[in-house]
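Since we're looking at a predicted model, the values are computed, not measured. Both ligands and their constituent atoms are indexed starting at 1 by order of listing.
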Amino acid sequence: MADVNHSLDDGLPTGGPANAASAWIELEGLAEGLLPSLRNLFESDATRGTRLSIDCADLWIDLSRQHLTNEVLGHLHDLAHQRRVSDTLTKVLHGDTVNGSEDRAAIHGALRTRNREPSKPDVKAAFATFDQMAELATSIRAGTAMGATGHRITALVQLGIGGSHLGPALAVDALRHLVHPDLAIRFSPGVDADDLDEALLGLDPTSTLVVACSKSFTTIETLTALDGAIAWLATGVGDRAIDHVLAVTAAPDRARDRGIHENHTFEIPIAVGGRFSVGSAVGLPVMVAIGVEAFDELLAGMSTMDTLSADLPVEENAAVLLALVDVWNHCHLGRGSVAVVPYAHRLRLFIPWLQQLSMESLGKRVCHDGSDPETATGAVIWGATGTDAQHAFFQLLHQGTEVVPVDLIGVARPATDDPRARAASDLLITNLAAQADAMAFGRTADELRADGVDEELVAHRTIPGDRPSTGILLGELTPSTLGQLMALHENRTVATAALLGINPFDQWGVELGKQIAGDLADRSAPESELLRRARSLRED
Ligand code: F6P
């Protein structure tokens, strides 16, 4: 490892801008210089591929195709120490107050530890809610849960948006091979009536439960969808419709005000952030879908990753290393977005889940102490599944003027032994590997000429390469490995916030839009020309 400045602790507050750390200044200097290309880095070190990849629980992370020299890596390690990233991850895991602007803890990590004797009352309450969830899930899966008219419950539709939707929807979709064959588990995140109609299509109100999942129980989209769902339930069970409604919320009084029975209400602690909430009662549809044991495996996978993220030294800590690479790419090398490309259809919902997790956590403009971060903060997260993405935006990734770091996520073994699935799985992984190499190493003009390409085409066909990517490999997609992957990214996000001195757990920026929408909806604010025109076009 190159000899780097090991002044590990500048003794400066970590709630302010990152440029207070000496390592940050060193990195700025390196970023202004000329970095060796990925092709050069691999040619000069035959061990790079193994030296810069790490095992992390059941995942394997490959950072070798990132612009990391020994010197850069050394200063990044120092930065993590100087910004006390591990302290933050440990505080989260122990449920300490880490959300300063709302004076709250973030106890999602505490909820999934295996410590069934928690000290904090809200964690204790959450464990009691898990027991309440398990009782319902077990009865539905056993066929003993009956609706108001005596029909067996065979469907559950969760209404919710953002963190009240994306995590559970991802888990049920990714683990569909484990979903009870007699149950329909659906989700409707939006206020659009078409969205709810699609979720309810083909279901029978007499055998369907509707979950109104809203931490605040004030989200207009969810409450509007609930009104529609209750009207639909009433077509089958009449005035007993409310008996088919469950609530998952941190505001049980509001659920009660909507007539939802107290014993149909599953409470979420206020200290569980929405985008971190799949391991709370928000995950009720997941537990119903895959069963209590498999849901526990999901939580155990998350907990395993939490412990590794809090305890491992920086050099072996996947969550912290991924965060350091994100900061290096975005804050120092000016790469403003990250493309996320899971080469697995079952991980297609990983992208929107990560978009909320990362951009709602890191899309901030001040540090904990209200000061200017004096650097870029949240990167734009976008993507699509591979190989579809290869036929959509990989042209830009290979030859565009923007250098976009890409996260390539692969699953080595399919969920079934079906020979067709195995063949497809090999094709997916082969394409993932090929794209990583093509982006990293490209094809030079001389190589094209040597291949006999006509001179007038050489410029058009030259692939510059030197495009960074990270490989993330799962052996197979199980409740445990999905939990590990999700927690890895939660911890990557929290670690990035710690590096930058920002609060990942609040989201003040979304409030103004909601308020204006409410004022426009009740006509207490002057309508814009756009709104006036839209309304005029809708006049019957
Ligand atoms: O997008 C803002 C937000 O508050 C998210 O943080 C949250 O996950 C979502 O809206 C839904 O909020 P609730 O669960 O309170 O309905």
Side-chain angles (χ1 to χ4, degrees), residues 92 98-99 101-102 104-108 111 122 126 129 133 157-171 187-192 195-196 199 210-229 245-258 260 265-286 349-365 378 380-381 486 489-490 493-494 497 502-518 521:
V92 171
V98 289
N99 176 355
S101 73
E102 295 175 304
R104 278 181 199 160
I107 62 168
H108 58 278
L111 255 55
D122 52 0
T129 302
M133 291 161 64
V157 180
Q158 175 140 311
L159 314 177
I161 198 164
S164 293
H165 163 68
L166 293 165
L170 162 61
F187 296 88
S188 176
V191 71
D192 189 329
D195 188 307
L196 180 62
V210 168
V211 183
C213 182
S214 175
K215 187 178 166 187
S216 62
F217 230 79
T218 61
T219 302
I220 186 67
E221 295 95 330
T222 307
L223 298 179
T224 303
L226 177 58
D227 291 341
V245 177
L246 310 177
V248 171
T249 185
D253 293 350
R254 292 191 182 128
R256 190 191 59 237
D257 294 346
R258 300 280 297 212
I260 299 169
T265 299
F266 299 80
E267 199 163 342
I268 326 167
I270 192 74
V272 174
R275 52 194 175 271
F276 297 88
S277 65
V278 69
S280 72
V282 167
L284 176 61
V286 186
L349 298 183
F350 180 80
I351 298 163
W353 171 80
L354 183 59
Q355 284 178 319
Q356 185 202 12
L357 171 66
S358 183
M359 292 195 274
E360 196 163 84
S361 298
L362 301 176
K364 307 293 168 64
R365 58 188 299 277
V380 174
I381 306 296
M486 295 176 81
H489 285 79
E490 289 179 349
T493 300
V494 172
I502 63 179
N503 180 355
F505 298 113
D506 60 10
Q507 54 283 324
W508 298 107
V510 302
E511 295 311 315
L512 178 59
K514 291 180 183 178
Q515 179 210 315
I516 295 173

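- Summary of contacts: the protein heavy atom closest to atom 3 (C) of ligand 1 is K514 NZ, 4.1 Å.
- Not a single donor-acceptor pair under 3.5 Å links the side chain of T219 to the backbone N or O of E221.
- Looking only at protein heavy atoms, the nearest one to atom 9 (C) of ligand 1 is I161 O, 3.7 Å.
- Within ligand 1, the atoms closer than 4.0 Å to a non-hydrogen atom of T219 are 12 (O), 13 (P), 15 (O), 16 (O), numbered from 1 in the order shown.
- The side chain to side chain contact (heavy atoms under 4.5 Å, CB included) test with L362 singles out one residue from V494, N503, I502, and that residue is I502.
- Listed by chain and number, the residues in a side-chain hydrogen bond (donor to acceptor under 3.5 Å, both in side chains) with D253 are R256 (sequence neighbours excluded).
- Checked by distance only, ligand 1 and T222 stay at 3.5 Å or farther apart across all their nitrogen or oxygen atoms.
- The shortest separation from a heavy atom of E221 to ligand 1 is not under 4.0 Å, leaving the residue out of contact.
- Regarding atom 14 (O) of ligand 1, its nearest protein heavy-atom neighbour is S164 OG, 2.6 Å.
- The protein heavy atom nearest to atom 1 (O) of ligand 1 is E360 OE2, 2.9 Å.
- Remark: the backbone N or O of S214 is paired with a side-chain donor or acceptor of T249 at under 3.5 angstrom.
- A salt bridge between R104 and D506 is absent, with no side-chain N of the basic residue lying under 4.0 Å from a carboxylate O of the acidic one.
- Residue contacts with ligand 1, taken as heavy atom pairs separated by less than 4.0 Å, do not involve E511 at all.
- Considering each of G513, A212, G274, S216, the one bringing a non-hydrogen atom nearest atom 15 (O) of ligand 1 is S216.
- Of all the atoms in ligand 1, the ones that sit under 4.0 Å from a non-hydrogen atom of V510 are 2 (C).
- Side-chain polar atoms of R275 and S361 form a donor-acceptor pair below 3.5 angstrom.
- A donor-acceptor contact shorter than 3.5 Å links the side chain of Q158 to the backbone of V282.
- In terms of modelled atom types and a separation under 3.5 Å, the side chain of S358 and the main chain of L354 share no donor-acceptor contact.
- Around atom 7 (C) of ligand 1, the closest heavy atom drawn from H165, Q356, K215 belongs to Q356.
- Of the N or O atoms in G163, one or more lie within a sub-3.5 Å distance of an N or O in ligand 1.
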